[in-house]
Amino acid sequence: MPTSTNLTERREALTAKHKIAQAVLEQAGEDLDFKQVTEFGDGLSTQDKVEKFRVLNDELAELTRECKELELAERAASVRAIGDMLSGPGFTGIPPVHAAERIARKSLGDRIVESDSFEHFVTDRAIKATQLEGLDVKALFETGAGWEPESVRTGMVVEAVTRPIQVLDLIPGGVTGQAAIVYMEETTRTHAAAETAEAGEYPESEFVLTERSSPVRKIADTVPVTDEQLEDVEGVRSYLDNRLRFGLRQRLDNQILNGDGTSPNLRGILNVAGIQTQAKSTDPTFDAFHKAITKVRLTGRANPSGIVMHPNDWQDIRLTRTADGVYILGNPAERGAMTLFGLPVALGDVIAEGTGIVGDFANFSQLYDRRMIEVQVGYVDAQFKKGQQTIRADMRVAFAVYRATAFCTVTGI
């Protein structure tokens, strides 16, 4: 198939570019002295070599993007082929359901306020000041004897500082109707195929499958509120609803990486047995991450789809300079790409400073919704007698890591 051929060519090109990048880093050494780099040819200045390295990094990012697009196209073609095979004669499909059109109508008050007559009244009714002769002031009409100025809140709420969602966008989603995600993992795969002489004994391969299970867990939260707040203050219900929903997703975002697997916790990627580790040791940080990428590709037989690291660690990488003081990832006047060796970098303090992780999040991890976020209102204990209610929010999800070796942590950065 053309798509398959193009994908193979792009992957081969990506591998070749990675080898060039690795050679450049090895030649530059721990001090990133680009004077020692010969991979780009002779007669080039340090600045030219650094620029070529930046171009190489951009090419890696572009090849990675193209590979992912071709992979998606290949999968879509497979799905279409299966659909064509299964659909029988006369199958017309399910007619689309169109949402009812909603017409926004202005209230009577809005129409009055926006009318030309009202605008002219507001504009022309100002009192003209006139000097009055022969009058003494008996009693000054001031704030104390009149009305206190009325200040109405704008309705703006300045949010408190909180950690945003940082990892969830890397994880593909799914749905389940069961209490656990149960799947089979091929734990033994031994190919014994070999050349065999006439009348000779045939070799024997061995394949073993092991059942794995990721249980559905619940994440929940509540907030008590008075009847008066819900009735008298516009927007309180939606405000609390949104806060509870965000809190659940924020907690899930943390569990995806750090959950220890002990009920009722999910098992996060960092606590899955068998994930790989690459210690930075005396290597430059660039080299350590490239070695982790290589481990995921070679040992995990996977295609890394992203990197997660702490913002402080990314800062150190972004500010890395050559021995001549040239910034490796671009001029400070430019934002620069959030990529390393073509892979997108997701920043988050959900991961501990000093540790990063490289992985094929797209193909070997998945988040399943057993029940999406639900928000309900009810009474707890004596709340009914006290004029109080409790808003409750929860979700039930399962998280599966299908291949541990498709992920590799980088420590000591």
May I ask you to check whether over 12 heavy atoms, not counting those of M184, lie within 6.0 Å of atom CE? yes

In this structure, are over 12 heavy atoms from other groups packed under 6.0 Å from Y183 atom OH? yes

Within the structure provided, determine whether [X] and [Y] are in side-chain contact (heavy-atom separation under 4.5 Å).
| X | Y | value |
| --- | --- | --- |
| K218 | P264 | no |
| L32 | R321 | no |
| R237 | I391 | yes |
| N254 | R251 | yes |
| M309 | L340 | yes |
| V24 | F34 | yes |
| R301 | R403 | yes |
| S365 | F407 | yes |

Can you tell me how far the [atom1] atom of [X] sits from the [atom2] atom of [Y], to the nearest 0.5 Å?
| X | Y | atom1 | atom2 | value |
| --- | --- | --- | --- | --- |
| S214 | L367 | OG | CG | 11.0 Å |
| I328 | F53 | CD1 | CZ | 6.5 Å |
| R318 | L329 | CZ | CG | 5.5 Å |
| D33 | D324 | CG | CG | 7.0 Å |
| E69 | N6 | CD | CG | 12.0 Å |
| T226 | E231 | OG1 | CD | 8.5 Å |

Run the side chain to side chain contact (heavy atoms under 4.5 Å, CB included) check on Q250 and I165 step by step: do they pass? CA-CA 6 Å; Q250 185 187 59; I165 306 302; 4.1 Å; yes

Could you walk me through whether T320 and T285 satisfy the side chain to side chain contact (heavy atoms under 4.5 Å, CB included) test, starting with their C-alpha distance in whole Å, then the side-chain angles of each, then the deciding distance to 0.1 Å, before giving a yes or no? CA-CA 9 Å; T320 302; T285 304; over 6 Å; no

Might you point out which heavy atoms bring [X] and [Y] nearest each other, and give the distance in Å?
| X | Y | answer |
| --- | --- | --- |
| R217 | S263 | NH1-OG, 3.2 Å |
| P304 | K68 | O-NZ, 4.0 Å |
| F399 | Q366 | CD1-O, 3.3 Å |
| C67 | L14 | SG-CD2, 4.4 Å |
| M338 | W314 | SD-NE1, 3.5 Å |
| N258 | L270 | OD1-CD1, 3.4 Å |

Could you tell me how the ring of H18 sits relative to the ring of F341: parallel (under 30°), tilted (30 to 60°) or perpendicular (over 60°)? tilted

Test F289 against L343 for side chain to side chain contact (heavy atoms under 4.5 Å, CB included), laying out the working first. CA-CA 11 Å; F289 272 99; L343 299 180; over 6 Å; no

Quick check on side-chain hydrogen bond (donor to acceptor under 3.5 Å, both in side chains): which of Q389, Q383, Q388 does D227 satisfy it with? Q389

Run the numbers on L319 and Y327 for side chain to side chain contact (heavy atoms under 4.5 Å, CB included), then give the verdict. CA-CA 6 Å; L319 299 180; Y327 287 93; 4.1 Å; yes

Start with the C-alpha gap between T262 and N265, add the side-chain angles, then the distance that decides, and say whether side-chain hydrogen bond (donor to acceptor under 3.5 Å, both in side chains) holds. CA-CA 5 Å; T262 302; N265 291 276; 5.8 Å; no

Between the main-chain N or O of [Y] and the side-chain N or O of [X], is there a donor-acceptor pair closer than 3.5 Å?
| X | Y | result |
| --- | --- | --- |
| H191 | A193 | no |
| R370 | A180 | no |
| D369 | V175 | no |
| T409 | T411 | no |
| N271 | G259 | yes |
| K35 | T46 | no |
| S205 | P203 | no |
| R267 | D260 | yes |
| Q27 | T38 | yes |
| T322 | V326 | yes |

Salt-bridge contact [X]-[Y] (side-chain N to carboxylate O under 4.0 Å):
| X | Y | value |
| --- | --- | --- |
| R10 | E71 | no |
| D241 | R245 | yes |
| R243 | D221 | no |
| R163 | D253 | yes |

Working for side-chain hydrogen bond (donor to acceptor under 3.5 Å, both in side chains), residues D349 and Q166: CA-CA 8 Å; D349 49 347; Q166 298 169 326; 3.0 Å; yes

